[in-house]
Amino acid sequence: MKKILSLFALLLIIAAGACSKKKTSDNISDEIAFKKADELLAKMTLAEKIGQMTQIDSSVVNFTDITEYGIGSVLSGGDAMPSDIHAKGWAEYCDRVQSMALKTRLAIPIIYGIDSLHGSNKTMNAVIFPHHIGLGASNNPVLVEKIARITAFESRASGFRWAFSPCVAVPLDERWGRTYEGFSEDGSITAALGAAEVRGLQDSFETNGIAACAKHFIGDGGTQHGIDQGDCLMSEKEIREKFLPAYEEAVKNGVLTVMASYSSIKGEKMHGNRYWLTDVLKKELKFKGFIISDFDALKQLGGTSKQTVEKGINAGIDMVMVPYDYKTFITNLTELVEEKKVSEERINDAVRRILYVKYKAGLFDSPYSDKDAALKVGSAEHRAVAREAVRESLVVLKNDNFFPLKKDLKKIVLCGDRASDIGSQCGGWTIDWQGSTGKVTQGTDIVTAFKNAVSKNTEVVYSKDGSGLDGADKIIVVLGETPYAEYKGDRTELTLSPSDEDLFENIKKSGKDFAVIFISGRPIPVTEVISKSKAFVAVWLPGTEADGIADVLFGDHKPKGKLPFTWPASMKDIPINKGDGKKALFDCGYGLSW
Ligand code: BGC
Ligand code: BGC
């Protein structure tokens with residue numbers, strides 16, 4: 001009997017334990033979130049509502065104004081950051097912002113937004129994953145979801161609760177400087193991977209998740225000549241076929257926010273486009289979350305600043321990334337409501353959506369950062385996933401018996417400054433807005449990755465200018481692009497940089513065989529380089545974990561990546577895309593193995 005009783009007690013303990021461990025992926029239901037939002041909305045004044053619709057940049061944050069105006073959101077745009085940008089420093093900063101929001105009458109938490117596009121990329125020493133273009137080459141939704149969960153963890157550990165990601169653009173012109181922010185020119189790959197990222201970012205809001213943001217709605221990848229913030233001349237039918245599916249998938253997977261695009265459709269700026277924002281996205285697609293405007297984008301709508309606010313809000317923008325002159329924005333919107341140029345109904349709809357997102361994202365329950373989490377940012381476990389992603393993203397375009405390399409060769413020479421440059425590997429949106437060369441954060445560069453991979457008798461030599469090739473068993477040249485981001489990365493010509501051109505000349509003059517590792521945010525028509533090399537491997541913008549490159553090139557893993565974009569033979573073929581009848585150097589979907 002005693003035995004039976006103790007067995008019973010044991011079972012009870014197990015059952016109790018199982019109950020107390022709530023399944024973390026159970027986010028609160030939409031029904032409950034909206035119910036709470038409605039209850040709160042009913043208590044709010046117009047000023048409080050307009051405060052919620054205001055997002056300001058941290059570079060102009062005045063802490064007491066957060067309380068005074070009941071600001072709904074703060075972002076740290078491109079280059080805005082506090083003095084300490086390690087996870088702990090960011091978290092302390094964001095918590096301080098939050099504490100000011102919680103001092104308001106209704107204690108509505110702020111939602112802190114940031115461009116965590118490939119990891120928590122504004123946190124020093126966080127793990128940096130390959131940019132989307134590389135993940136497009138992997139075409140592995142399970143992996144993308146796993147990456148997004150880590151991105152959410154490291155972002156949230158830094159105090160951020162909202163990533164302006166995934167960019168689900170379908171870039172159709174390589175001249176566009178944001179090509180790498182897209183997964184692929186293939187809309188079905190983009191839709192699947194974008195949805196996977198949404199699921200990963202928004203998983204387990206109680207402990208890990210952060211709100212995602214599908215962007216930039218809609219047509220950003222289809223502008224004429226690939227000009228950033230430009231004009232898309234496609235018909236509605238084409239826009240729906242090419243660009244809408246990624247948003248449909250994101251919405252189906254519960255994406256909480258969508259960012260409007262700076263670009264236009266046939267001359268009409270998206271931020272003022274009620275048809276696409278309200279009729280299509282909110283009504284037809286049944287998007288429940290809120291629409292955020294892009295950085296200072298209302299300004300581009302034309303007219304006085306008050307008129308731009310009227311146009312944007314009436315088109316369907318719910319929260320405005322003001323981002324600087326928030327007092328004028330608040331005055332403008334208040335007057336517009338008083339003058340009945342913006343209806344109270346529109347304001348209520350916007351704020352209801354914002355509060356719904358804040359409830360869903362768990363901000364009311366846990367508004368502050370988790371101090372212990374900061375310690376795990378950039379952990380070996382997280383880096384291992386990034387290394388796996390690098391392996392999967394490599395695309396081998398050519399290989400005349402050059403790879404895989406043996407680990408016991410006597411001497412391998414790696415040429416070019418990009419071979420030893422974390423900054424180039426990471427590309428734009430890494431610490432700084434435009435990214436930069438140099439040791440921007442902790443990580444493993446290609447030279448170090450090679451050293452990690454070889455036997456102890458192998459010499460790995462780094463040669464910046466391509467000299468000192470004598471006695472080398474293998475020569476590998478690292479070429480590519482220098483970091484850039486939106487609009488500064490737009491190009492009319494896509495070629496090697498002058499320094500890479502010199503390097504390539506030096507190597508050619510040596511008359512020796514060589515392979516190329518190519519770091520870039522898009523396909524570049526370097527046809528001569530490809531034809532002169534024995535092997536050519538596109539590694540895109542792999543991020544901090546170059547060991548993943550060595551894993552493949554030394555044969556521990558087979559290459560599996562496939563081109564997410566058509567690779568053009570020459571500049572005059574751009575734009576070039578799957579199915580347009582043009583002759584490519586390599587088709588979208590191409591990629592060798594061994
Ligand atoms: C970009 C967005 C970004 C925002 C905030 C804008 O310039 O277009 O993609 O999320 O800035 O930094
Ligand atoms: C960027 C911002 C950046 C600003 C600088 C925007 O387009 O996305 O985040 O700080 O430009 O002008």
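Not measured: the values here are computed from a predicted model. Indexing begins at 1, ligand by ligand and atom by atom, following the structure's order. Residue indices begin at 1 and follow the sequence shown.
Here is the list of ligand 1 atoms found below 4.0 Å of a heavy atom in Met259: 2 (C), 10 (O). Listed by atom number, the atoms of ligand 1 under 4.0 Å from His216 heavy atoms are 2 (C), 8 (O), 9 (O). Near Phe295, meaning under 4.0 Å from one of its heavy atoms, ligand 1 places the atoms 6 (C), 7 (O), 11 (O). Residue Phe164 has at least one heavy-atom neighbour below 4.0 Å for each of these atoms of ligand 1: 10 (O). Of all atoms in ligand 1, numbered sequentially from 1 with element shown, those under 4.0 Å from a heavy atom of Arg178 are 1 (C), 2 (C), 8 (O), 9 (O).
Among residue pairs with one or both ends in residues 119-130, none qualify as salt bridge (charged side-chain N to carboxylate O under 4.0 Å, His left out); sequence neighbours excluded.
Between the CD atom of Glu248 and the CZ atom of Phe243 there is a distance of 14.0 Å, given to the nearest 0.5 Å.
Less than 6.0 angstrom separates the ring centroid of Tyr180 from the ring centroid of Tyr484. Ring centroid separation for the pair Phe164 and Trp162 comes in under the 6.0 Å cut-off.
When each of Ile292, Leu333, Val320 is paired with Met53, the side-chain contact (heavy atoms from CB on, under 4.5 Å) condition holds for Leu333 and for no other.
Distances between N or O atoms of Lys215 and those of ligand 1 include at least one value under 3.5 Å. For ligand 1, the polar-atom distance check finds an N/O of Asp294 within less than 3.5 Å of one of the ligand's N/O atoms.
Distances from ligand 1 to the non-hydrogen atoms of Tyr262 include at least one value under 4.0 Å.
Scored by the ring-ring contact (aromatic ring centres under 6.0 Å, His included) test, Phe129 finds no partners at all (sequence neighbours excluded).
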